[in-house]
Amino acid sequence: MSDLKVYNSYSRQKEVFTPITPGHVGMYVCGPTVSGESHLGHARPYITFDVVYRYLQYLGYKVRYVRNITDAGHFEEEGREAEDKISKKAVLEKLEPMELVQKYTNLFHWAMEQFNTVPPSIEPTATGHIVEQIEMIKQIIEAGFAYEVNGSVYFDVKKYAATHDYGKLSGRVIDDLLETTRELEGQEEKKDRADFALWKSAAPEHIMRWQSPWGVGFPGWHIECSAMATKYLGAQFDIHGGGMDLLFPHHESEIAQSTICNHAAPVRYWIHNNMITINGRKMGKSYNNVIKLTELFSGNHPILEKAFHPMTIRFFILQTHYRSTLDFSNEALVAAEKGLKRLWDAYEKLQAINYESREEGPGTELEEKLKKLVAEFPEFMNDDFSTAKVLANMFEIVPVINSVKDKIIPVGALSAETFKLLQSAFKTWLEDIFGLKGVTEADNSKLQGVMQLLIDIRKEAKGKKDFATSDKIRNQLAALGITLKDEKGGEMSWNID
RNA sequence: GGUCCUGUGGCCGAGUGGCUAGGCAGAGCUCUGCAAAAGCUCGUACAGCGGUUCGAAUCCGCUCGGGACCUCCA
């Protein structure tokens, strides 16, 4: 099998993945800011990196996956509103800050469960690591790369850039940065406009506040990730993930902070997912075009024509390469929904077939084709996680499965070995690696019994050519949202829409 | 304004210079008491204009369009 290659944002090219410690992978992914509800855009990184996590484990790595919860809040705009985003909202909603944070954290966890994502190994909170952040800031000051002004601490970007490559990750030129940075209030505290806050002094009304060597305040925007990543993954770790919109300034600043503290570049492979767009524009609060996950699952949103199942979303996301933008539309999601159903129906049929045939024999052309398609699954994944191509191959196999089921492909065309290969490959890839699940839940044994009874009655009616009765059963069930299908050979199957 | 990405058939989307991606929708056929599924067949698309090449959706240049970041942002 080929080596895993990942596109490293830092080098801007695909590189062979080699972990620092053989057999182990440390992965940090920027988690949600729990000051509000997650929307469709947020689903992308967590599903993308869930598959990365699952795939690395499939490859045999022991992975420590750290994904933070940002519950201390960042600023609306640095300096302008000397106010914590979370505390601000808390006032509006008349909630305690931690109450608010808890509410949205719970909601986030609920959504992640709907998406069938595996929980990270560690999910540290920013508020739980104030001490670590203060320690790190102290180190940066001691190293001479930060300075204190009026109880706030700023990172000295210019000094750092003199000896380090600030701007490399995001393709920024430091001089341009100085010219293009916007005029903001509170800038006068900084020595240089490109500098960023490590610690901000808190105004008296500020609710979230902690004691520090520089007075009462709260941590700056980027330090939490540096502190928590260092604590749980070490000075250098393998993978850091997040959305492309975090490249600058968040990840760029993270590199600077960590590099000063740990005397080494913190991350080997930077992986960034692209945005989900709607009408070609990034989904985001500032664009006023967000669809919250709760709205998506319920269909309760003006631009939604219907509700969409979390698995449809998951599949929708996996059908695109993670570094491409993905444009949302009702039509696109309906297409994904139908595609997933077709794939999943075939998968369930595949698992249900008890295939008995020659144990071995000359490989037919069909067999060779199937083996090739399956063998390509890991090849595609190894090429920077091309989930879309793996799914395309699966869809090529779907007609074969259906044909075996309907006996259009005769028994004996496939060896039992090939057939079992399909069964195990589909299970591994669909369930274990892609984390997909069936959309319809019909796991009610009583309902199954009732359905079997109706099917028996319908079979009898059909046998007597009593089509009035047989059609009545099928039509009434259809009205209830249950589709009954006649199959070749007189069997019947059903599913809930 | 700066930096970067991008423009593929009705829609969504893969695409490593030469070989049918795939999904959805649509058309025809087969199967079927009817229906639904399912199977088979069908679209010869790559923004435009040049260039490199035996050969370009794929490389280069220009033009036009869209987007991201430069501010919290997945």
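Below, chains carry the letters A, B, ... as their sequence lines are ordered, and counting in each starts from 1.
Comparing B/rA14, B/rA38, B/rC72 by their nearest atom to the side chain of A/W221 picks out B/rC72. Each of B/rC34, B/rA74, B/rA14 was ranked by its minimum atom distance to the side chain of A/D486; first place goes to B/rC34. Closest contact between the side chain of A/K282 and the listed nucleotides B/rA14, B/rA68, B/rA38 involves B/rA68. Considering only side-chain atoms of A/D245, the nucleotide from B/rG22, B/rC69, B/rA14 that sits closest is B/rC69. Residue A/K338 has its side chain nearest to B/rA25 when only B/rC72, B/rC12, B/rA25 are considered. Of all nucleotides listed (B/rG39, B/rG33, B/rG13), B/rG13 comes nearest to the side chain of A/L326. Taking every side-chain heavy atom of A/R12 into account, B/rC4 is the closest of B/rG13, B/rC4, B/rG33. Nearest to the side-chain atoms of A/P249 among the listed nucleotides B/rC12, B/rA74, B/rC70 stands B/rC70. Closest to the A/V398 side chain, of the nucleotides B/rG33, B/rG39, B/rA74, is B/rG39. The side chain of A/R172 sits closest to B/rC70 out of B/rG15, B/rC70, B/rC12.
Taking atom C1' on both nucleotides, B/rG1 is separated from B/rC60 by 26 Å, rounded to a whole Å. Spacing between B/rA36 and B/rG18 at atom C1', rounded to whole Å, works out to 44 Å. Here, B/rU41 and B/rC5 have their P atoms 40 Å apart, quoted to the whole Å. B/rA14 and B/rA47: their P atoms are spaced 15 Å apart (whole Å). The gap from the P atom of B/rA57 to that of B/rC49 amounts to 13 Å, rounded to the nearest Å. Rounded to a whole angstrom, the distance from the P atom of B/rG39 to that of B/rU52 is 48 Å. For the C1' atoms, the distance from B/rG28 to B/rA68 is 45 Å, rounded to whole Å. For the C1' atoms, the distance from B/rG9 to B/rG43 is 7 Å, rounded to whole Å.
Salt-bridge annotation for A/K349 and A/D345: absent, with no side-chain N of the basic residue lying under 4.0 Å from a carboxylate O of the acidic one. Under the 4.0 Å criterion applied to side-chain N and carboxylate O atoms, A/E379 and A/K389 are not assigned as salt-bridge partners. Remark: A/K158 engages A/D192 in a salt bridge, criterion side-chain N to carboxylate O under 4.0 Å.
Applying the 4.0 Å criterion to OP1 and OP2 of B/rC24, one finds that A/R342 has a side-chain N or O inside that range. Not one side-chain nitrogen or oxygen of A/N273 sits closer than 4.0 Å to the OP1 or OP2 atom of B/rA74. Side-chain nitrogen and oxygen atoms of A/S493 include none within less than 4.0 Å of the OP1 or OP2 phosphate oxygen of B/rA37. Within the structure, every side-chain polar atom (N or O) of A/Y322 is placed at least 4.0 Å from both OP1 and OP2 of B/rG13.
Within 3.5 Å, no donor on the side chain of A/D406 pairs with an acceptor on the base of B/rC31, nor the reverse. Residue A/D471 places a side-chain atom within donor-acceptor reach of the base of B/rG33, judged by atom type and a 3.5 Å distance cut-off alone. Residue-to-nucleotide contacts include no donor-acceptor pair under 3.5 Å from the side chain of A/K285 to the base of B/rC72.
Residue A/Y154 forms a side-chain hydrogen bond (donor to acceptor under 3.5 Å, both in side chains) with just one option from A/E189, A/K190, A/K191, and that option is A/E189.
Within the 4.0 angstrom heavy-atom criterion, base atoms lie near A/M283. The residue A/E396 sits close only to the backbone: its heavy atoms come under 4.0 Å of sugar-phosphate atoms, none of a base. Using a 4.0 Å heavy-atom criterion, one finds that A/S470 contacts the bases of the nucleic acid, with or without backbone contacts as well. Counting any heavy atom pair closer than 4.0 Å across all strands shown, A/L484 reaches a base atom. Among the protein residues, A/G41 comes within range of the nucleic acid bases, having at least one heavy atom under 4.0 Å from a base atom. Within the 4.0 angstrom heavy-atom criterion, no nucleotide atom of any strand lies near A/H272. Looking at heavy-atom distances under 4.0 Å, A/L340 makes no contact with the nucleic acid at all. In this structure, A/K389 reaches the sugar-phosphate backbone alone: every heavy-atom distance under 4.0 Å involves primed, P, OP1 or OP2 atoms, never a base. Using a 4.0 Å heavy-atom cutoff across all strands shown, A/L247 reaches no nucleic acid atom at all. Within 4.0 Å of A/T277, counting heavy atoms only, lies no atom of the nucleic acid at all. Here A/D345 lies out of heavy-atom contact (under 4.0 Å) with every strand. Across all strands shown, A/R474 has heavy atoms under 4.0 Å from base atoms, whether or not it also approaches the sugar-phosphate. Using a 4.0 Å heavy-atom distance criterion, A/F467 is classed as a base contact. Nucleic acid contact for A/M244: none, since no nucleic acid atom lies under 4.0 Å from a heavy atom of the residue.
Pair check for B/rU53 finds none; no Watson-Crick or G-U wobble contact set falls under 3.5 Å. Across every strand in view, B/rC64 sits in a pair with B/rG7 that passes the Watson-Crick or G-U test at under 3.5 angstrom. With a cut-off of 3.5 Å on both Watson-Crick or G-U wobble distances, the partner of B/rC40 is given as B/rG28. Searching all strands for a Watson-Crick or G-U wobble partner of B/rA14 with both distances below 3.5 Å returns nothing. In this structure B/rU58 sits in no base pair that meets the Watson-Crick or G-U test at under 3.5 Å.
The interatomic distance linking A/D327 (CG) with B/rA14 (C1') rounds to 17 Å, in whole Å.
Cation-pi contact between A/R172 and A/F248: present, with separation from the ring centre below 6.0 Å and deviation from the ring axis of at most 45°.
Two residues, A/S170 and A/G243, neighbour RNA chain B, and the one matched to the more 5' nucleotide by heavy-atom proximity is A/S170. Along RNA chain B, the nucleotide nearest to A/F328 and the one nearest to A/H42 differ in position, and the one closer to the 5' end is contacted by A/F328.
For the residue pair A/D466/A/T469, the side-chain donor-acceptor check at 3.5 Å is satisfied.
Other residues, nucleotides and ligands place more than 12 heavy atoms under 6.0 Å from the NZ atom of A/K168. For A/K292, the NZ atom is loosely surrounded, since the number of other residues' heavy atoms within 6.0 Å does not exceed 12.
Between A/W429 and A/Y55, the two ring planes are tilted [angle within 30° to 60°].
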